[in-house]
Novice: 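I'd like to ask you about the structure that follows.
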Amino acid sequence: YPRADKMVAFLRLYEEQYPERPLSRRQLNHWETLYNRDGVSGLIDRSGTWNKGVSSIPEDAAKVFLKYWLQEKGTKRGGPSVASCRRLTQMAFPNMELPSVSTFERLARSIPLPTQIYAREGKKAYKDKCEPYIPFDYDSIHTNQQWVADNHKLDVLVRFPDGHVDRPWLICWMDRRSRRTVGFHIIEGEPNADHILDSFMDAVKRCGIPESVLLDNGKDYVVHDLFNRENAYSLANEMKIQVTNAIKFNAKAKPIERLFGTLEYSLFIHTDSYIGSNPKKRAERLNKPNNKFKEDEIISFDECKEMMETLNDLYNNTPHKGGGMRDRTPIRAFKEEITAPLKIAPPQLLAMYCQ
């Protein structure tokens with residue numbers, strides 16, 4: 001038979017034997033072309049994920065690229081861009097034609113995310129974003145079993161009684177089981193041990209003595225005569241309060257940090273003198289020295305304290321969706337989770353403790 005007749009005869013025979021798998025003359029010609037060009041390997045189906053894990057970037061070039069890319073440089077994204085790293089890699093291999101930037105971007109995306117964050121953003125970012133943690137079981141504790149305390153500099157400018165403008169500090173105590181803010185103080189200037197003592201005693205008068213406290217590692221908390229576990233005559237040991245200090249530079253260790261964000265974005269963000277948590281978030285009209293503000297541009301210190309009182313009442317009476325809260329308000333959860341009589345000290349005894 002002539003060549004064309006042989007192909008027709010073959011296709012007719014094939015269709016008789018395999019009717020469920022039709023084969024066209026065009027497909028057969030395509031396969032013949034691939035076979036003549038690449039041999040048997042040309043007939044391999046290369047669709048789908050047949051080449052998953054295989055890169056067109058030479059191994060030596062990939063190592064050099066990753067050496068440049070997996071660096072912590074403090075940029076907006078935590079490290080240098082893919083394009084700049086590819087250019088440096090090309091300079092290291094001048095006689096090699098490297099693939100496109102998109103190929104290197106795929107290589108970068110193939111690096112596990114925890115590895116990227118650790119190398120490009122640092123150890124702290126890795127701990128905050130990637131390290132495993134055990135969720136706290138709030139149903140395992142009861143009211144006044146543990147209080148959490150911390151200091152927070154409010155992101156709002158205030159005019160103090162002497163006329164100067166600055167950001168006030170908030171000292172807050174929170175019952176961990178109910179999330180109720182049991183006490184707080186707004187002060188001028190850096191907090192010290194006297195402020196910590198005043199705010200703690202106000203909370204004790206209002207809600208009783210806690211069994212334990214979870215505190216920051218600041219020197220105003222761990223001074224010799226307050227919450228120092230080494231001193232037998234410290235306030236904590238006299239009142240038989242267990243003291244736990246949170247891990248340094250670890251916001252997850254102090255659940256009260258989330259409360260500060262709630263307070264800031266619930267009310268203070270709506271004031272005219274709110275400046276944000278960093279200079280990039282400051283309103284343009286507030287971008288001037290503190291002593292240049294007019295009287296009506298900044299809220300007074302008394303107004304700030306009144307706003308905090310209002311916000312505190314609002315927070316304690318708003319349903320909460322956190323662990324163990326079951327849509328109860330902090331005030332209600334505080335009352336319902338009392339499993340033993342609250343430890344209430346008479347004023348005379350509290351006065352002795354304060355000495």
Side-chain angles (χ1 to χ4, degrees), residues 143-144 147-210 213 215-216 220-221 254-277 293 295-322 325 328-337 342 344 347 350 354:
T143 296
N144 275 8
W147 285 3
V148 188
D150 201 2
N151 306 331
H152 174 69
K153 197 169 187 178
L154 294 174
D155 299 329
V156 60
L157 290 176
V158 168
R159 188 176 299 279
F160 291 96
D162 62 357
H164 84 280
V165 175
D166 201 354
R167 294 160 59 190
W169 279 86
L170 171 67
I171 305 173
C172 191
W173 294 82
M174 182 186 76
D175 175 56
R176 190 169 190 178
R177 176 62 184 92
S178 63
R179 307 333 191 264
R180 176 185 176 182
T181 54
V182 293
F184 69 90
H185 268 200
I186 293 183
I187 61 172
E188 173 187 356
E190 294 281 343
N192 56 39
D194 291 335
H195 298 135
I196 303 301
L197 178 61
D198 289 342
S199 62
F200 177 71
M201 281 304 172
D202 284 349
V204 167
K205 293 174 183 177
R206 186 180 297 109
C207 300
I209 301 175
V213 290
L215 306 174
D216 192 8
D220 44 352
Y221 285 98
K254 295 176 291 185
I256 197 172
E257 294 279 359
R258 186 174 298 176
L259 169 65
F260 292 144
T262 301
L263 297 178
E264 291 279 10
Y265 288 100
S266 295
L267 183 61
F268 286 114
I269 194 173
H270 299 291
T271 60
D272 292 335
S273 56
Y274 179 79
I275 61 173
S277 56
F293 286 102
E295 190 72 29
D296 58 348
E297 289 182 305
I298 305 298
I299 63 174
S300 68
F301 185 51
D302 291 336
E303 288 177 320
C304 181
K305 290 193 291 185
E306 291 177 4
M307 291 174 63
M308 187 61 206
E309 290 282 356
T310 302
L311 185 56
N312 181 62
D313 292 339
L314 180 64
Y315 170 81
N316 282 334
N317 289 280
T318 300
H320 201 295
K321 296 184 180 296
M325 292 297 289
R328 295 176 296 179
T329 65
I331 290 287
R332 179 183 171 189
F334 184 89
K335 296 177 180 178
E336 293 181 353
E337 297 300 333
L342 298 182
I344 305 296
L350 291 179
C354 290

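Just so we're clear, the structure is a prediction, and the values are computed from it rather than from any experiment. For the numbers below, each heavy atom of this structure counts, side chains included, while hydrogens, waters and symmetry mates do not.
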Novice: Out of curiosity, Y274 OH to I269 CD1, how far, rounded to the nearest 0.5 Å?
Specialist: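 If I round to the nearest 0.5 Å, the distance is 4.5 Å.
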Novice: For D198, give me all partners under side-chain hydrogen bond (donor to acceptor under 3.5 Å, both in side chains), at least two apart in sequence or on another chain.
Specialist: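 Expected list: none.
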Novice: So with a 6.0 Å cut-off around NZ of K205, is the heavy-atom count from everything else above 12?
Specialist: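 No.
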Novice: Tell me the closest heavy-atom pair linking P168 and I186, and the distance in Å.
Specialist: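 Answer, listing the atom of P168 first, then I186: CB-CG2, 3.9 Å.
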Novice: Can you list everything that forms a ring-ring contact (aromatic ring centres under 6.0 Å, His included) with H185? Sequence neighbours excluded, please.
Specialist: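 Residues passing ring-ring contact (aromatic ring centres under 6.0 Å, His included) with H185: none at all.
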Novice: Taking only residues two or more places apart in sequence or in another chain, which ones pass side chain to side chain contact (heavy atoms under 4.5 Å, CB included) with R328?
Specialist: R177, R326, R332, A333, E336, E337
Novice: Please examine the side chains of E257 and D150, heavy atoms only from C-beta on, and report whether any two atoms are closer than 4.5 Å.
Specialist: yes
Novice: Should M307 and I299 count as side-chain neighbours, where that means a heavy-atom distance under 4.5 Å?
Specialist: yes
Novice: How many angstroms lie between CG in L350 and CG in D202, if you round to the nearest 0.5 Å?
Specialist: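 If I round to the nearest 0.5 Å, the distance is 10.5 Å.
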Novice: Taking only residues two or more places apart in sequence, or in another chain, which ones meet D155 in a side-chain hydrogen bond (donor to acceptor under 3.5 Å, both in side chains)?
Specialist: R167
Novice: How long is the span from the CH2 atom in W169 to the NE2 atom in H152, to the nearest 0.5 Å?
Specialist: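 Separation between the atoms: 9.0 Å.
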Novice: Taking the side chain from R206 and the backbone from V182, do they hold a donor-acceptor pair closer than 3.5 Å?
Specialist: yes
Novice: Is any side-chain heavy atom of R176 less than 4.5 Å from a side-chain heavy atom of P255?
Specialist: yes
Novice: Among all residues two or more places apart in sequence or in another chain, which pass the side chain to side chain contact (heavy atoms under 4.5 Å, CB included) test with E188?
Specialist: F160, D162, H164
Novice: When you measure from the side chain of D302 to the backbone of K305, do you find a donor-acceptor pair of N or O atoms at a distance under 3.5 Å?
Specialist: no
Novice: Would a 4.5 Å heavy-atom cut-off, applied to side chains only, mark L154 and C304 as touching?
Specialist: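 Yes, their side chains come closer than 4.5 Å.
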Novice: Tell me, please, which residues at least two apart from D175 pass salt bridge (Lys or Arg N to Asp or Glu O under 4.0 Å).
Specialist: none
Novice: Hey, what do you get for CG (N144) to OG (S178), rounding to the nearest 0.5 Å?
Specialist: 8.0 Å
Novice: Are any of the side-chain heavy atoms of I171 and I187 separated by less than 4.5 Å?
Specialist: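 They are in side-chain contact.
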Novice: Quick one: are W147 and C207 in side-chain contact, heavy atoms under 4.5 Å?
Specialist: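 A side-chain contact under 4.5 Å exists here.
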Novice: Suppose we screen for side-chain hydrogen bond (donor to acceptor under 3.5 Å, both in side chains). Which residues come up paired with H320, at least two apart in sequence or across chains?
Specialist: none
Novice: How close do T329 and P319 get, heavy atom to heavy atom, and via which atoms?
Specialist: CG2-N, 3.7 Å
Novice: Excluding sequence neighbours, so at least two apart, what forms ring-ring contact (aromatic ring centres under 6.0 Å, His included) with Y221?
Specialist: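 Per chain and number, Y221 pairs via ring-ring contact (aromatic ring centres under 6.0 Å, His included) with no residue.
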Novice: Hey, what do you get for CG (L259) to SG (C172), rounding to the nearest 0.5 Å?
Specialist: 5.0 Å
Novice: Does I256 reach the side chain of W173, with side-chain heavy atoms less than 4.5 Å apart?
Specialist: no
Novice: Residues two or more places apart in sequence or in another chain: which of them pass side chain to side chain contact (heavy atoms under 4.5 Å, CB included) with K335?
Specialist: I331
Novice: Looking at residues at least two apart in the chain, or sitting in another chain, which of them share a side chain to side chain contact (heavy atoms under 4.5 Å, CB included) with T310?
Specialist: none
Novice: Applying side-chain hydrogen bond (donor to acceptor under 3.5 Å, both in side chains), name anything that partners Y315, two or more places apart in sequence or on another chain.
Specialist: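 So Y315 forms no side-chain hydrogen bond (donor to acceptor under 3.5 Å, both in side chains) with any residue.
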Novice: Please report the shortest heavy-atom distance between I344 and G208, naming the atom on each side.
Specialist: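 That would be CD1-CA, 3.5 Å.
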Novice: So how far is it from M201 CE to I209 CD1, rounded to the nearest 0.5 Å?
Specialist: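 Separation between the atoms: 7.5 Å.
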